[in-house]
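Below: the structure, in structure tokens.
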Amino acid sequence: MKQILNCILLGVYTFAASWLYQIQLGAVAFLLLSFFLFYRTFIELRKTREGRRPSPEAVSKKVRKKKAEIVT
């Protein structure tokens, strides 16, 4: 569903970009495209960052292990 929505948004963007170019506002189309691509990149990076996090169970196991004691 998300892929279909992205295709529809890019289709609308193409129509809007051609209209903006006809009225001499082509830079606005690039600005809109940069916002869209930045948003998509942000979402993908957030997914990969969350995937790399260890589970809370793994973290608690590491914390429970006792490290070396200092004997005086």
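The analysis underlying the following values was restricted to heavy atoms, covering all of them including side chains, and did not include hydrogens, waters or symmetry mates.
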Original post:
Which salt bridge (Lys or Arg N to Asp or Glu O under 4.0 Å) pairs, counting each pair once, include a residue from residues 22-36, with sequence neighbours left out?
Top reply: none

**OP:** Could I get the full list of salt bridge (Lys or Arg N to Asp or Glu O under 4.0 Å) partners for Lys2, not counting sequence neighbours?
**Re:** none

Contacts table for residues 33-41: side-chain donor-acceptor under 3.5 angstrom, sequence neighbours left out:
residue	atom	partner	partner atom	Å
Ser34	OG	Leu31	O	2.7
Thr41	OG1	Leu37	O	2.8

**OP:** To the nearest 0.5 Å, tell me how far Leu9 CG sits from Leu32 CG.
**Re:** 11.5 Å

Subject >> Ile4 atom CD1: more than 12 heavy-atom contacts under 6.0 Å >> reply: no

Anything under 3.5 Å between a donor and an acceptor, one on a side chain of residues 21-30, the other on a protein residue two or more places apart or in another chain? List them.
none

